[in-house]
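First listed ligand is number 1; within each ligand, the first listed atom is number 1.
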Amino acid sequence: MKDSAIAAAAAQIGATTTAPTVTTFFDDTTCTATHVVHDPATRAVAVIDSVLDYDAAAGGISYRSAEKVVEYVREHQLQVQWQLETHAHADHLSAAPWLQQQLGGELAIGRHIIDVQQVFGKIFNAGTEFERDGSQFDRLFDDGERFQLGSIDAIALHVPGHTPADMAYVIGNIAFIGDTLFMPDFGTARADFPGGDAQRLFRSIRRLLSLPSDTALYLCHDYQAPGRDQYAWQTTVAEQREHNVHVREGVNEHDFVQLRTQRDATLNMPTLILPSVQVNMRGGRFPEPESDGERYLKIPINRLK
Ligand SMILES: [Fe+2]
């Protein structure tokens with residue numbers, strides 16, 4: 001879809017449907033915001049970017065973060081319709097399959113997850129049993145595809161750059177934009193993972209900033225910019241256009257790509273990238289058990305630098 005068509009579609013959705021209710025659960029171990037979005041009229045819920053607690057030193061998993069979502073959904077008598085992923089995260093493991101067992105809902109991500117599966121399938125030498133066709137998900141969204149959250153209209157937008165598969169979900173008058181923009185004082189997501197591309201990220205961000213200026217933007221992460229001691233995950237198109245330290249109005253593509261590339265060159269890989277991607281490329285599931293019945297994660301040597 002062209003940027004102007006997106007802006008028109010999103011404006012129409014924001015103006016004509018009910019506003020969703022959003023409750024955010026912030027995991028300060030991975031700095032991830034899980035948004036639980038519901039339609040007050042039908043009580044249909046989308047859980048966006050859930051977190052599985054992972055103890056890297058012990059190889060241990062637990063469900064403390066996801067249990068809070070389960071409690072909230074049950075307490076408010078909501079019906080889960082969607083488990084949405086904005087992308088295959090590199091900093092936390094998804095709890096979507098576990099939440100799906102507890103609460104139901106269709107597990108969805110962008111169609112270009114297939115590209116991520118191809119790249120990382122090779123990096124992990126995953127073997128032919130790992131299907132690289134997105135079949136681990138119930139639904140693969142195309143760019144511009146419409147869907148419903150209960151009675152609320154929604155649209156899925158392909159916003160690659162951080163990874164090849166990033167999606168933003170515009171639900172009513174709110175856009176859940178994953179890892180594209182961060183808070184205006186922090187800037188933008190990195191673009192140096194395998195398959196990432198700073199130029200594509202810039203173009204995706206321009207698409208998001210062509211949404212109506214009062215559109216609320218909910219982010220996937222916050223890392224507290226220097227001088228700020230509260231976590232924040234909500235902003236607007238207007239605030240980003242005016243204040244974003246990397247891509248406010250007036251910053252051109254060339255300058256952004258240079259800045260993003262220089263900054264990325266200084267960043268270490270996220271601590272949990274290897275366990276996270278290995279699980280998230282499988283729709284949040286661990287590799288199949290080995291001959292002893294146990295599941296293992298792999299650490300490829302010198303494949304990420
Ligand atoms: Fe990410």
**Student:** Assess, by modelled atom type and distance only, whether the side chains of Gln117 and Gln136 contain a donor and an acceptor separated by less than 3.5 Å.
**Tutor:**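 Gln117 vs Gln136: donor-acceptor pair found between side chains.
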**Student:** Quick check: do Pro289 and Arg295 have side-chain heavy atoms less than 4.5 Å from each other?
**Tutor:** yes
**Student:** Can you tell me which residue among His162, His158, His87 is in a ring pair (Phe, Tyr, Trp, His ring centres under 6.0 Å) with His112?
**Tutor:**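 Testing His112 for a ring pair (Phe, Tyr, Trp, His ring centres under 6.0 Å) against His162, His158, His87 leaves exactly one candidate, His158.
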**Student:** With side chains defined as the heavy atoms from C-beta onward, is the minimum distance between Asp166 and Thr86 less than 4.5 Å?
**Tutor:** no
**Student:** Quick one, Thr34 and Ile48 - any side-chain contact, counting heavy atoms below 4.5 Å?
**Tutor:**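 No, side chains not in contact.
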**Student:** Which protein N, O or S atoms lie under 2.8 Å from the Fe ion (ligand 1)?
**Tutor:** His87 NE2, His162 NE2, Asp179 OD2
**Student:** Rounded to the nearest 0.5 Å, how far does CD1 of Ile205 lie from CG of Leu201?
**Tutor:**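 Rounded to the nearest 0.5 Å, the CG-CD1 separation comes out at 4.0 Å.
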